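Data first, discussion second: the structure below is written as structure tokens.
Any value given below was found using the heavy atoms of this structure, including those in side chains, with hydrogens, waters and symmetry copies removed. Note that the coordinates shown come from a computational prediction; the quantities given were computed from them, not determined experimentally. Read the numbers this way: they start at 1 and go in the same order the structure lists the ligands and their atoms.
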Amino acid sequence: MQKPATTDHPVHSLIRERWSPRAFSPKPVPPEVLRSLFEAARWAPSSNNEQPWAFIVAAHEDSAAHARMLSTLVQSNRAWAGQAPVLVIAVSKLAFARNGNPNRNAFYDTGGAVAYLTTEATARGLFVHQMAGFDPGKAIELFSIPSGWEPIAAFVIGYPGDPDSLPDTLRERELAPRNRKPLSEFVMSGSWGHPASFLGT
Ligand SMILES: Cc1cc2nc3c(=O)[nH]c(=O)nc-3n(C[C@H](O)[C@H](O)[C@H](O)COP(=O)(O)O)c2cc1C
């Protein structure tokens, strides 16, 4: 299913076509495609080139790890995310390797890496749906995540599925229109609260 953004200004089709579905096909994601997605994440920029991210990946084929990762999700996410062939937890390293100082941009950089991965996925006809709704403590325990690293978000990767495969409430959300704040609410210049002049509003 396609659900392109109805943009106010032109954007690249990779941005327009990305969205966060809940219906996924069980079709596996080939290993070479997964390698390319994480290669895209690898080339994201980061503060001091720290690359403070790590990803724990559980594909359907590894049913034990997949079930373990699924168990870290909140129930409302578990209801749909198990359909997708690949589950991932994104983890951030909280301190710089070179001096141990706190890295206040670690989460920001990890999000950027996931955005790169997501764009590569879109280019390959895949979809990514990120989730804050998971239990980081359980993820630490079940996947032996060391101290100094924090699980930030979970996400699924997969090919689009049939919205009719979803329970009623989720199907409604799947078909609901997408919306966004206008640029004038969050692009400012001069001082806080003043829409940037180039917006022409
Ligand atoms: C960090 C983050 C956490 C999210 N957490 C959840 C979640 O727990 N469950 C869910 O169904 N969607 C989750 N989403 C998806 C958002 O709801 C979705 O991106 C947003 O509604 C915009 O829709 P779109 O991605 O289709 O444009 C999350 C997205 C992000 C980036």
Side-chain angles (χ1 to χ4, degrees), residues 1-25 37-38 40-41 44 46 52-58 66 69-94 104-140 142 145 149-163 165-183 185-186:
M1 189 182 125
Q2 299 200 329
K3 209 166 155 181
T6 50
T7 63
D8 291 343
H9 307 281
V11 297
H12 196 280
S13 59
L14 290 175
I15 305 295
R16 206 170 49 245
E17 285 160 20
R18 183 217 62 84
W19 66 289
S20 303
R22 291 184 175 82
F24 282 91
S25 155
L37 300 193
F38 288 99
S46 62
W53 47 72
F55 301 98
I56 306 172
V57 185
H66 191 267
M69 199 170 284
L70 199 59
S71 79
T72 69
L73 303 184
V74 298
Q75 180 49 43
S76 56
N77 286 331
R78 228 179 288 161
W80 57 268
Q83 269 193 338
V86 181
L87 270 169
V88 184
I89 293 176
V91 187
S92 287
K93 188 174 187 335
L94 302 174
R104 64 181 291 273
N105 288 303
F107 293 6
Y108 180 89
D109 291 345
T110 303
V114 176
Y116 265 48
L117 179 151
T118 302
T119 306
E120 183 70 34
T122 308
R124 293 167 178 272
L126 284 154
F127 288 84
V128 169
H129 192 141
Q130 300 174 66
M131 295 168 283
F134 80 114
D135 181 339
K138 197 166 178 186
I140 288 170
L142 291 181
I145 296 169
W149 289 82
E150 186 166 328
I152 306 304
F155 59 92
V156 301
I157 306 170
Y159 296 96
D162 180 357
S165 67
L166 294 169
D168 287 352
T169 47
L170 291 181
R171 192 171 53 248
E172 269 170 38
R173 289 173 76 179
E174 196 81 343
L175 303 172
R178 300 173 62 206
N179 54 58
R180 287 299 192 269
K181 296 174 185 173
L183 292 187
E185 265 190 45
F186 63 92

Check: Val11 main-chain N/O paired with Arg16 side-chain donor or acceptor under 3.5 Å: yes
Option from Asn77, Ile140, Ile89 for which side-chain contact (heavy atoms from CB on, under 4.5 Å) with Thr72 holds: Ile89
4.0 Å protein heavy-atom contact status of atom 16 (C) of ligand 1, strictly under: no
Test applied, side chain to side chain donor-acceptor pair (under 3.5 Å); reference residue, Ser92; option that passes from Asn105, Asp109, Thr110: Thr110
Within 6.0 angstrom of Gln2 CD, more than 12 heavy atoms from elsewhere: no
Heteroatom proximity flag, Ala153 to ligand 1, N/O under 3.5 Å: no
Heavy-atom proximity to atom 18 (C) of ligand 1, best of Ser20, Ala115, Ala5: Ser20
Protein heavy atom under 4.0 Å of atom 7 (C) of ligand 1: yes
Element-labelled atoms of ligand 1 that are located less than 4.0 Å from some non-hydrogen atom of Trp80: 11 (O)
Side chain, backbone, both or neither: the part of Arg180 lying under 4.0 Å from ligand 1 by heavy atom: side chain
Nearest-neighbour protein heavy atom for atom 3 (C) of ligand 1, which is reported as residue plus atom name and distance: Ala132 N, 3.3 Å
Exercise check, heavy-atom protein proximity under 4.0 Å to atom 20 (C) of ligand 1: no
Ligand 1 atoms in contact with Trp19 (distance to a heavy atom under 4.0 Å): 26 (O)
Stepwise side-chain contact (heavy atoms from CB on, under 4.5 Å) check, Glu174 with Trp19: CA-CA 10 Å; Glu174 196 81 343; Trp19 66 289; 3.6 Å; yes
Shortest heavy-atom approach to atom 13 (C) of ligand 1 - which of Arg18, Gln130, Met131: Gln130
Plane angle bin for His129 and Trp80 - parallel if under 30°, tilted between 30 and 60°, otherwise perpendicular: tilted
Derivation and outcome, side-chain contact (heavy atoms from CB on, under 4.5 Å), residues Leu37 and Phe55: CA-CA 12 Å; Leu37 300 193; Phe55 301 98; over 6 Å; no
Proximal ligand 1 atoms for Gly133, defined as those under 4.0 Å from one of its heavy atoms: 8 (O)
For atom 12 (N) of ligand 1, closest protein heavy-atom neighbour: His129 NE2, 2.8 Å
Proximal candidate to atom 9 (N) of ligand 1 [heavy atom criterion; set Asn179, Val128, Asn77, Val156]: Asn77
Ligand 1-proximal atoms of Phe134, by part, heavy-atom distance under 4.0 Å: neither
Atom pair CZ (Arg78) and OG (Ser71), whose distance is rounded to the nearest 0.5 Å: 6.5 Å
Side-chain donor or acceptor of Lys3 paired with backbone N/O of Ser20 under 3.5 Å: no
Numbered atoms of ligand 1 (with element) below 4.0 Å of Arg22, judged on heavy atoms: 10 (C), 11 (O), 12 (N)
Nearest atoms (heavy-atom pairs only) where Pro21 meets Val128: CD-O, 4.5 Å
